[in-house]
Amino acid sequence: MTQETGGFAALDLHPSIVAAVIATGYEEPSAIQQQSIPLILAGHDLIGQAQTGTGKTAAFALPVLHKIDVSKREPQALILAPTRELALQVATAFETYAKQMPGVNVVAVYGGAPMGPQIKALRQGAQIIVATPGRLCDHLRRDEKVLATVNHLVLDEADEMLKLGFMDDLEVIFNAMPESRQTVLFSATLPPSIRAIAERHLKEPKHVKIQSKTQTVAAIEQAYMLVHADQKVAAVLRLLEVEEFDALIAFVRTKQATLDLASALEAKGYKAAALNGDIAQNQRERVIDSLKDGRLDIVVATDVAARGLDVPRITHVFNVDMPYDPESYVHRIGRTGRAGREGRALLLVTPRERRMLQVIERVTGQKVSEVRMPAPQAVLDARIKKLTNSLKPLVADAETTHGELFDRLSADIGCNPRALAAALLRKATNGQALDLASVEREQPLVPNGAPRERGERSERSFTGDRPERRAPMPLGEGRARCRTALGARDGIAAKNLLGAILNEGGLARDAIGRIQIRETFSLVELPEDGLDRLLAKLKDTRVAGKQLKLRRYRED
Ligand code: ADP
Ligand code: MG
């Protein structure tokens, strides 16, 4: 490391922290790290603001670690984060940076997991607590002294933390800590109203704001597409065909919409899952881990559930529903373009939401360009490209393994090789449309937001408050309600569903209760007794050419 750049070594951090950071692969501190670390080390309160993906975690984690007295086995630092996933992510970051500092213990304290192990970790002398406010308050109710020795407090995603929903818990937490503590806040966005609240809790805070021409990361290419609300699912599916993505996160407004879109995607064969505040903790962790390691490619999330997530392989953000405010937009698209990578963000805009688009452009200082719905030809080209790519690696040795079989089949059938190859292709592609006329038929032209009849209800979430969200009828006794992501949109009628379940499930007609077909999904009442076995039996059932994927329906 040269004298001029200084790098991490020039920051007066403990050498074992610097060593761990360098082992992680960081070469230089980012701007927010460069400017915040000395101020935090010097003991100042601080408000730090920098774009998403610029390393704010290390900006507070490194100096906080430096201040930990390893010889004392008591809580010394508290980091508050708005979600359990983020708390875990931050705790993991601390562990990484503390790898070469034996004796440092970090505990993540969040709801949805048993209290016992968390209490144990606290008792055994964890010095760093990374917590969500709700669960931390539970701990405080058991032991009001838990935070009595904590002298460093960090609020990550500070604007989210200081919103009304957390305020009561925060008051309790603040009051349980020593007056003399150091408090630092970090966020990518900080609206003036929240900043005012923040200042009330800090003592002569220093401000670090990493100015950039735009609030969003330049490496994120932003585009929008005009659609009508009821075309959003179709639009997403078509975009996915042509976009070359690694991992993708799609944002919708409601919890139900995360489930609906995720199952629509699953039905199309994508490795997709929903992420929202109602999903059980261990399942949410599994979703994030799976997205990280490639077992999942698409996560459909609500804003809060995905705040601050750092999954480097996310190449695309789809804003399926409009964010509530420009700040949310900035955070959403900041899930891609992490640490200098490139990313692409797409926003679906209904005709009435055009004004919000202008607000977003003004606040982010960046123009969002319009894209059109991919044409059938583009969809076809993408499909053929995928098919080509999937066959290419097989050509090398398939002749050795299957050549003789091919000869035998064409002799047995008595056809020419091209006819047989074509038959195999048809079978392998499973009814997928692979010529222009079929693609056109399958994908009726979406009119790209052309004005429609007046009074269109376009503000709604694409499933949010449609008529089909009416509360379902009360359930018959001994029955369970099940759900499939196939609906009227997929050409499903009650008789198809009934037929499939009767045939494949081997049920008697009167065992099946009410069937409700909606636009994007359907509900069926089935006998509770033996339901799991029945669902397993129906695992591979297809209706109207599509996988049924019947699941137990969670009422909420
Ligand atoms: P933010 O909180 O600002 O959105 P994170 O703290 O989650 O960003 O960091 C984003 C990514 O950048 C993480 O994967 C992190 O490991 C990486 N990172 C952080 N600091 C550096 C650095 N100095 N050099 C290279 N990568 C870094
Ligand atoms: Mg962060």
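When a ligand or atom number is given, it counts from 1 through the structure's own listing order. Since we're looking at a predicted model, the values are computed, not measured.
At least one N or O atom of E28, backbone or side chain, sits closer than 3.5 Å to an N or O atom of ligand 1. Considering backbone and side-chain atoms alike, Y97 places every N or O at 3.5 Å or more from each N or O of ligand 1. Among the atoms of R335, none of the N or O lies under 3.5 angstrom from an N or O of ligand 1. No N or O atom of Q89 sits closer than 3.5 Å to an N or O atom of ligand 1. For a threshold of 3.5 Å applied to N or O pairs, the pair formed by T52 and ligand 1 contains no separation below that value. Polar contact with ligand 1: present for G53 (N/O pair, distance under 3.5 Å).
With hydrogens and angles left out, the side-chain atoms of Y224 and E361 include no donor and acceptor closer than 3.5 Å. R195 and Q49 form a side-chain donor-acceptor contact under 3.5 Å, judged by distance and modelled atom types alone. Inspection of the R335 and H316 side chains reveals no N or O donor paired with an N or O acceptor under 3.5 Å.
Ring geometry for F245 versus Y270: interplanar angle of 30 to 60°, hence tilted.
Under 4.0 Å is where a charged nitrogen must lie from a carboxylate oxygen, and between E244 and K385 at least one such pair does. In this structure, R551 pairs ionically with E266, as a charged nitrogen and a carboxylate oxygen lie closer than 4.0 Å. At a threshold of 4.0 Å, the pair K56-D156 does not count as salt-bridged, since none of the basic side-chain nitrogens sits closer than that to a carboxylate oxygen. The pair D289-R295 fails the salt-bridge criterion, with no side-chain N (NZ, NE, NH1 or NH2) lying under 4.0 Å from an Asp/Glu carboxylate O. Salt-bridge annotation for R313 and D297: present, with a side-chain N of the basic residue lying under 4.0 Å from a carboxylate O of the acidic one.
Paired with V252 under the rule side-chain contact (heavy atoms from CB on, under 4.5 Å), one option of D321, N276, V236, D303 passes, and it is D321.
Protein heavy atom at the shortest distance from atom 20 (N) of ligand 1 is Q33 NE2, 2.8 Å. What sits closest to atom 13 (C) of ligand 1 on the protein, heavy atoms only, is D310 OD2, 2.9 Å. Of all protein heavy atoms, the one lying nearest to atom 3 (O) of ligand 1 is K56 NZ, 2.8 Å. In terms of protein heavy-atom proximity, atom 7 (O) of ligand 1 is closest to R338 NH2, 2.9 Å. For atom 12 (O) of ligand 1, the nearest protein heavy atom (residue, atom name, distance) is A339 CB, 3.3 Å. Protein heavy atom closest to atom 16 (O) of ligand 1, with residue, atom name and distance, is Y26 OH, 2.5 Å.
Residue-ligand proximity, T57 to ligand 1, at heavy-atom distances under 4.0 Å covers atoms 2 (O), 5 (P), 6 (O), 7 (O). Within ligand 1, the atoms closer than 4.0 Å to a non-hydrogen atom of Q51 are 3 (O), numbered from 1 in the order shown. Listed by number with element, the atoms of ligand 1 under 4.0 angstrom from any heavy atom of T54 are 1 (P), 3 (O), 8 (O). Near S30, meaning under 4.0 Å from any of its heavy atoms, are these atoms of ligand 1: 23 (N).
Using a 4.0 Å heavy-atom cutoff, F8 is listed among the residues neighbouring ligand 1. Under a 4.0 angstrom heavy-atom cut-off, P312 registers as lying outside contact with ligand 1.
F174 carries R181 over the face of its six-membered ring, with the cationic atom under 6.0 Å from the centre and within 45° of the normal.
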